[in-house]
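Lettering of chains follows the sequences in order, A, B, ..., and the numbering in each one begins at 1.
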2 protein chains.
Amino acid sequence: MSSDTLRGRILAAGQRITPQRDLIAGVLERAGRPLAAQELCDAVGQEDPGIGRATVFRTLQSLQEAGIVQNVTLLGNQAGYLLCASAGHHHHLVCRHCGAIEDLPEAEVAPFLSGVEAAHGFGVDHATFNIYGACRACAGEEHAGR
Amino acid sequence: MSSDTLRGRILAAGQRITPQRDLIAGVLERAGRPLAAQELCDAVGQEDPGIGRATVFRTLQSLQEAGIVQNVTLLGNQAGYLLCASAGHHHHLVCRHCGAIEDLPEAEVAPFLSGVEAAHGFGVDHATFNIYGACRACAGEEHAGR
DNA sequence: CCACATACTGATACCTAGTCTCAGTTTGGA
DNA sequence: TCCAAACTGAGACTAGGTATCAGTATGTGG
Ligand SMILES: [Mn+2]
Ligand SMILES: [Mn+2]
Ligand SMILES: [Zn+2]
Ligand SMILES: [Zn+2]
């Protein structure tokens, strides 16, 4: 069960299991796409109105430290919180039509970064990418649809 | 004179020249690196305390539309405002030691994006990069310095 | 050079995301 | 079961940014 995995990852990060964390991680997991702060707070409040705003943000912080949640920048510079299955450093392709997310493994960007380092004499030590467009499904529809 | 150019670019975007825009663009130009909202407001207030906060943000908006200013994400997810000499779409390498910025032309990232499109069947229509590290000068110092 | 539509400005109120503090509660290990 | 440490909710607070509005400046066409 994936709940086991989630809990395992929380524990592995030296953090405690609490009902709040369970619930919040669950909301993100079921969403399957990045949620804005507002959306997340609403969804959490709907499942348990007792959970305070501060706890939501603290939990996001914890889950990020545990490598379970990633912060992505949505269109319009809005912050989105995304539950990630893969734990290591990786990036995301954001479909601007359906909101779906596709992982972009670090291995795929490493050669590009090496090229930049070589060309500019710049030692890259951290990089994030915000890549927006149409996922395969949506690109197909758009092409066929009109 | 670069002031001519700046004004030209503002006018070309169908916007009016005002003392406030002149001053704010000047502050950014002299900074030579991205400024956070706070820093910018402080610097502006120091040169002319009469300029209101709202005007600073509106001006940033206008200058962005005119392609003169770009919004970059500094470390810690802080927004930075950067005056860019080159007008077209391009990216930036941010030195985390001295704050210096190096332009990364779109042409250098295009092949990478094409590769992503091919590999994922994903139609990229907008991408931004946040690349942090050590510029040539700082990398040299670090290597030699200790 | 003047008149005038329109763009712009400052003040101010407002909003949202996110942080901080603090007193009380829960967790999980010994 | 006991306890230190981690966590929680409430609520105050901050920072970045936007909306409104009445007044002012800009630049264009006459
Ligand atoms: Mn992911
Ligand atoms: Mn630039
Ligand atoms: Zn899609
Ligand atoms: Zn440097």
Find out whether B/Leu104 and B/His92 are in side-chain contact, i.e. whether some heavy atom of one side chain is under 4.5 Å from a heavy atom of the other. no
Please round to 10 degrees the angle between the axis of the first five pairs and the axis of the last five pairs in the helix from C/dC1-D/dG30 to C/dA30-D/dT1. 40°
Taking salt bridge (Lys or Arg N to Asp or Glu O under 4.0 Å) as the definition, give me every residue that meets it alongside A/Arg33, ordered by chain and number, with sequence neighbours left out. A/Glu39
I want to check something: taking the side chain as every heavy atom from C-beta on, are A/Arg7 and A/Asp22 in contact at a cut-off of under 4.5 Å? yes
Report the residues that fulfil side-chain hydrogen bond (donor to acceptor under 3.5 Å, both in side chains) with B/Ser114, sequence neighbours left out, ordered by chain and then residue number. none
Under a 4.0 Å heavy-atom criterion, the protein footprint on nucleotides 25-30 of chain C, written with B, S and -, is -BBS--
I'd like to check the side-chain hydrogen bond (donor to acceptor under 3.5 Å, both in side chains) partners of A/Glu47; sequence neighbours left out, ordered by chain and number. A/Arg30
Residues passing the side chain to side chain contact (heavy atoms under 4.5 Å, CB included) test with A/Ala43, sequence neighbours excluded, are A/Val27
Outermost DNA chain D nucleotides near chain A [under 4.0 Å, heavy atoms]: D/dA5 to D/dG11
Distance-only check: which donor-acceptor pairs under 3.5 Å involve side-chain atoms of residues 105-112 of chain B, not counting sequence neighbours?
from, atom 1, to, atom 2, distance (Å)
B/Glu106, OE1, B/His91, NE2, 2.8
B/Glu108, OE1, A/His120, NE2, 2.8
B/Glu108, OE2, A/His120, NE2, 3.1

So A/Arg58, base contact, sugar-phosphate only, or nothing? Heavy-atom distance under 4.0 Å. base
All N/O donor-acceptor pairs, side-chain side in residues 68-80 of chain B, below 3.5 Å, sequence neighbours left out:
none

With sequence neighbours left out, what residues match A/Arg16 under side-chain hydrogen bond (donor to acceptor under 3.5 Å, both in side chains)? none
A/Val94-B/Val124 co-clustered via ILVMFWY side chain contacts under 4.5 Å: no
What residues, two or more places apart in sequence or in another chain, satisfy side chain to side chain contact (heavy atoms under 4.5 Å, CB included) together with A/Gln20? A/Thr18, A/Ile51, A/Thr55
Evaluate the ring planes of A/Tyr132 and B/His126, with Trp represented by its six-membered ring, and classify them as parallel (under 30°), tilted (30 to 60°) or perpendicular (over 60°). parallel
Counting primed atoms, P, OP1 and OP2 as sugar-phosphate and everything else as base, the B/S/- map of nucleotides 14-19 of chain C against protein heavy atoms under 4.0 Å is ---SBB
